[in-house]
Amino acid sequence: MSASSEPLHSLLDLLRARSTVDCDTLDAAVAHERGPFADCTSNQAIACAELQEHRHKELLQRAATLAKELHPKYSDVELKTLAVEIGMILLVLQIAPHLTGFVHIQANPFDSYNAARTVAGAQRIVALFRAVEPRFDTSRVCIKIASTWEGLQACRALQAAGIETLATTLFTLEQAALAAEAGCRYVAPYVNELKVHFDKSYCDPAPNLALCVQTQRYLQHHSYRTAVLPASLTNITECLSLAGVAHITVPPALLRELASTPALDPSAFPSLFDDAKLAKLGMPEKLACVREESAWRMAFTRSGKGVQEKKIVQAINIFCDMQGKLEEVMGAVLGGS
């Protein structure tokens with residue numbers, strides 16, 4: 001958790017005084033403008049939007065060229081899939097100079113229920129970093145992996161192999177507990193359903209703000225090294241209500257709003273980490289369900305009477321759609337290169 005003695009000129013300063021702020025974007029200009037940041041998070045939706053910007057025309061061509069050169073080494077992967085991974089890496093390399101910590105790349109969502117393929121994909125991404133830019137320190141790479149049973153087993157294997165992971169699309173304490181047991185560097189509770197970012201008429205009726213506090217307390221109480229990094233935020237009030245969380249990843253629009261809003265009265269933005277009612281809630285012992293697959297699956301299914309499980313299915317579907325669109329974009333470039 002960051003601690004700043006600098007004057008609190010803006011709400012972004014206020015947030016940074018209590019939490020490490022990461023940027024949720026692959027736009028290097030944002031990181032340059034508002035950084036330096038610790039980490040930079042991303043996913044297939046962010047990459048899809050960014051790679052279709054006209055300014056990345058040459059980057060797309062380079063990704064296609066590199067994919068063709070490297071494909072013989074990765075012949076078990078479709079050429080367009082390999083090109084997508086290289087395209088995301090090239091974007092990350094542009095933003096890395098504005099970071100002090102990790103760069104995050106999300107694993108292929110189509111592998112969300114296949115641990116072996118997730119592990120292989122993560123190892124390939126790290127190897128591709130070395131091939132694309134040999135000077136880049138790959139210990140700074142963190143792979144974002146869906147918080148399914150299979151995904152979290154992949155995290156366990158990757159952490160054992162020295163590759164850092166983040167458990168994403170996380171909506172329950174059961175997922176966080178298993179991620180911590182797996183040794184994940186981060187867990188990313190989704191404050192809002194992913195749907196809110198794609199359907200402007202939809203508003204999550206029950207944002208998972210309290211889960212972020214509960215998860216951090218659980219991890220600290222049981223001495224896990226895993227840090228909480230909330231994601232899927234929709235407004236600055238949500239951001240400031242989580243001041244005190246270890247890390248928080250904020251999208252460009254909210255970064256700009258936080259930075260442009262004077263911190264005239266910090267008390268107007270209370271944090272849930274200071275909420276006396278939440279502090280008094282009992283802390284559960286280590287969840288036993290993490291020891292056995294069927295027990296964990298049932299606990300996850302029963303969480304919120306199935307509501308939370310529905311959210312991860314929705315998120316995986318959206319990210320698969322975005323992965324498909326990315327491959328369409330790269331397929332068109334490959335066809336014309």
Side-chain angles (χ1 to χ4, degrees), residues 22-37 39-111 117-118 120-145 163-164 251-252 319-337:
D22 304 324
C23 56
D24 198 19
T25 181
L26 284 173
D27 184 348
V30 173
H32 175 71
E33 176 189 2
R34 299 298 175 195
F37 291 94
D39 294 8
C40 171
T41 59
S42 67
N43 56 48
Q44 277 71 17
I46 290 171
C48 189
E50 188 65 26
L51 282 173
Q52 292 183 83
E53 293 288 335
H54 181 72
R55 65 180 179 274
H56 295 310
K57 185 177 180 180
E58 290 185 8
L59 185 151
L60 287 171
Q61 290 292 342
R62 187 180 176 213
T65 299
L66 287 169
K68 288 179 178 179
E69 291 175 2
L70 294 168
H71 195 231
K73 187 175 181 179
Y74 303 103
S75 57
D76 57 330
V77 182
E78 283 194 70
L79 179 60
K80 61 185 178 181
T81 303
L82 187 66
V84 165
E85 291 174 349
I86 293 172
M88 291 193 293
I89 287 169
L90 290 173
L91 285 175
V92 162
L93 288 172
Q94 290 183 346
I95 209 167
H98 307 293
L99 309 174
T100 60
F102 291 98
V103 295
H104 298 240
I105 287 190
Q106 188 157 291
N108 193 325
F110 282 103
D111 297 334
R117 284 181 61 85
T118 299
Q123 292 173 332
R124 183 174 61 251
I125 287 170
V126 173
L128 287 171
F129 265 100
R130 296 191 182 107
V132 172
E133 178 46 82
R135 295 170 297 178
F136 186 75
D137 179 5
T138 53
S139 69
R140 295 179 63 196
V141 177
C142 185
I143 307 296
K144 295 177 64 176
I145 296 172
I163 296 175
E164 298 286 6
F319 284 136
C320 283
D321 289 344
M322 294 297 107
Q323 177 73 25
K325 288 183 179 180
L326 278 168
E327 292 184 6
E328 287 179 14
V329 171
M330 292 307 310
V333 177
L334 287 162
S337 61

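Between R117 and D76, none of the side-chain N atoms (NZ, or NE/NH1/NH2) sits under 4.0 Å from a carboxylate O, so this pair counts as no salt bridge.
A heavy-atom distance below 4.5 Å is not found between the side chains of F136 and I89. Side-chain contact between R62 and V132 is present, with heavy atoms from C-beta onward closer than 4.5 Å. Looking at L90 and H56, their side chains never come closer than 4.5 Å, going by heavy atoms from C-beta outward. Between L51 and L60, the closest side-chain pair of non-hydrogen atoms falls below 4.5 Å. Looking at T118 and I143, their side chains never come closer than 4.5 Å, going by heavy atoms from C-beta outward. Using a 4.5 Å heavy-atom threshold, the side chains of C23 and L99 count as touching.
Here the closest heavy-atom approach between residue I86 and residue A63 is recorded as CG2-CA, 3.9 Å. Of all non-hydrogen atoms in P109 and F319, the two that sit nearest each other are CG-O, 3.4 Å. Between H71 and L79, the shortest heavy-atom contact is NE2-N, 3.6 Å.
T25 places no side-chain N or O within donor-acceptor distance of the main-chain N or O of P251, the cut-off being under 3.5 Å.
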Q.
Could you go through V333 and Q61, starting from their C-alpha distance and side-chain angles, then the distance that decides it, and tell me whether this counts as side-chain contact (heavy atoms from CB on, under 4.5 Å)?
A. CA-CA 7 Å; V333 177; Q61 290 292 342; 3.9 Å; yes

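The line from CZ of F129 to OG1 of T138 is 9.0 Å long, rounded to the nearest 0.5 Å.
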